[in-house]
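To start, the structure itself, in structure tokens.
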Amino acid sequence: MDIDIVSVFPEYFDVLGLSLLGKAQEHGLVRIAAHNLRDWTHDVHHSVDDTPVGGGAGMVMKPEVWGACLDELLGSGASGNITGDDCADHANTTHVGTATQSASTRSATTESALTQPSTTSLTRHSTLIFPNPSAPLFTQRDATELSHAEHLVFACGRYEGYDARIPEYYRAQGVDVREYSIGDYVLNGGEVAVSVMLEAITRLLPGFMGNPESIVEESYTGGDALLEHRQYTKPAVWRSLAVPDVLLSGDHAKVDRFRRDEALERTARIRPDLISALDCGRLDKADRKTLMTLGWEVSGAYPRRLKR
């Protein structure tokens, strides 16, 4: 998988060279390159924003700069008037892989990276993703879908956001454009949101996790998504708090049932909307019994919470 990230702070993504994601890059499982949006500017101040049309506070990111950048990274011939000036040298493109570079080392690495031709092909399928607090919520289902993508381009907004015509234009050109929020709150920029989405996506790549079974029963995973049951490790008793006896029984069937029941109980208490979305036809007898005990009607197509 190829991933390009555009930001006015590309060094933010040095952390992507750590842990499993860093190893995945070393092994060629994923390529990540962070680009400085200002490299596509042509004025002396390297401006990427302007005042909002119609007035208002703050600044809005300019479509001309984003257009030049995205035309190049997407390899799209969508803009028929791309000139040599639009494809200027990009002295701040960082190929993520080592997160502990000094400023001088990063600069040297960057200059070397710039001499390499772009790997973006006109023929491959790209997905363009904008973090946006006003957009639909990013979910595990989205992460799973995007983990099968060939090329992802993340566009990090700042200030009051990006000009609304940018995603509109690329959708009209046939690009797969997504806008996602990661929660009901506002951040200073899209970098944190991109880091969240990128980790959720890449950890689902085949070969990324040392033990692929570790992601099978996670929260929000699978057709009937639930919150995961609680986890414990040794010792069996810590500060007078004991691990549930059933987990020490060695009876795998009882352990599985205990964990399933706890997942149902936690989901019903914390995220009842997930219970309401379950397909009752896929619930076994024990699932139905547990949900009924928790105050849910399970005789229909979907569980319904009984009034108390």
Side-chain angles (χ1 to χ4, degrees), residues 1-7 9-37 69-70 73-75 93-101 106 109-110 113 116 118-121 124-132 135-157 175-183 187 189-223 225 227-228 231:
M1 174 184 283
D2 281 349
I3 297 173
D4 287 294
I5 307 168
V6 184
S7 167
F9 299 111
E11 52 276 333
Y12 181 94
F13 296 99
D14 286 351
V15 297
L16 300 182
L18 298 174
S19 190
L20 293 177
L21 188 50
K23 292 179 180 178
Q25 293 174 75
E26 292 175 4
H27 297 154
L29 189 62
V30 60
R31 178 199 66 87
I32 303 175
H35 309 270
N36 193 329
L37 179 63
C69 170
L70 295 175
L73 294 181
L74 293 169
T93 300
T94 302
H95 290 259
V96 179
T98 304
T100 56
Q101 296 173 325
R106 185 183 302 115
T109 302
T110 294
Q116 303 301 318
S118 171
T119 59
T120 303
S121 166
R124 68 175 173 175
H125 180 76
S126 300
T127 299
L128 174 59
I129 302 172
F130 293 88
N132 186 334
L137 189 66
F138 179 78
T139 68
Q140 185 67 26
R141 183 170 296 180
D142 296 311
T144 301
E145 178 189 355
L146 292 170
S147 71
H148 301 290
E150 183 180 359
H151 179 217
L152 301 177
V153 178
F154 288 96
C156 300
V175 177
D176 180 10
V177 179
R178 314 286 184 92
E179 294 178 272
Y180 289 118
S181 166
I182 61 166
L187 303 170
E191 288 77 13
V192 171
V194 165
S195 298
V196 168
M197 291 188 281
L198 196 151
E199 181 160 319
I201 293 166
T202 54
R203 67 192 301 275
L204 300 177
L205 294 173
F208 185 95
M209 301 292 287
N211 179 7
E213 291 299 315
S214 62
I215 64 174
V216 173
E217 294 184 354
E218 290 181 323
S219 297
Y220 312 111
T221 301
L227 301 186
E228 189 179 14
Q231 299 283 1

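One distance of note links CG of D2 with CZ of R31; it measures 4.0 Å at 0.5 Å rounding. Here the CG-CG distance, from L205 to L21, works out to 9.0 Å after rounding to the nearest 0.5 Å. Atoms CZ and CD1, from F13 and I32 in turn, are 9.5 Å apart once rounded to the nearest 0.5 Å. Of the inter-residue distances, the one linking L37 atom CG with S7 atom OG reads 8.0 Å to the nearest 0.5 angstrom. With rounding to the nearest 0.5 angstrom, the OG1 atom of T202 is 4.0 Å from the CZ atom of F208. In this structure, CD1 on I201 lies 10.0 Å from CD on Q140, to the nearest 0.5 angstrom.
Residues satisfying the side chain to side chain donor-acceptor pair (under 3.5 Å) criterion with T127, sequence neighbours excluded, are D176. Legend: residues meeting salt bridge (Lys or Arg N to Asp or Glu O under 4.0 Å) with E199, ordered by chain and number and at least two apart, are absent. In this structure, the side chain to side chain donor-acceptor pair (under 3.5 Å) partners of T139, at least two apart in sequence or on a different chain, are D142.
Within the 4.5 Å cutoff, the side chain of M197 has heavy atoms near those of the I182 side chain. Inter-residue side-chain proximity for S195 and Y12 is flagged as met; some heavy-atom pair is nearer than 4.5 Å. Counting only heavy atoms from C-beta outward, the side chains of I3 and L16 never approach each other to under 4.5 Å.
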Original post:
Can I5 and C156 be said to form a side chain to side chain contact (heavy atoms under 4.5 Å, CB included), step by step?
Top reply: CA-CA 7 Å; I5 307 168; C156 300; 4.0 Å; yes
Subject >> Intermediate values then yes/no, side chain to side chain contact (heavy atoms under 4.5 Å, CB included), E145 and R178 >> reply: CA-CA 12 Å; E145 178 189 355; R178 314 286 184 92; 2.8 Å; yes
**OP:** Step by step, work out the side chain to side chain contact (heavy atoms under 4.5 Å, CB included) result for D4 and H35.
**Re:** CA-CA 7 Å; D4 287 294; H35 309 270; 2.7 Å; yes
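A pairwise comparison of heavy atoms in H151 and S126 identifies ND1-OG, 2.7 Å as the closest pair. Residue A155 comes nearest to P131 through the heavy atom pair O-CD, 3.0 Å, listed as atom of the first residue, atom of the second, then distance. Taking both residues in full, the closest heavy atoms of P206 and L29 are given as O-CD1, 3.4 Å, listed atom of the first, atom of the second, then distance.
When each of V6, V153, L74 is tested with C69 by the rule side chain to side chain contact (heavy atoms under 4.5 Å, CB included), just one qualifies, namely V6. Residue Y180 forms a side chain to side chain contact (heavy atoms under 4.5 Å, CB included) with just one option from N132, L137, V194, L146, and that option is L146.
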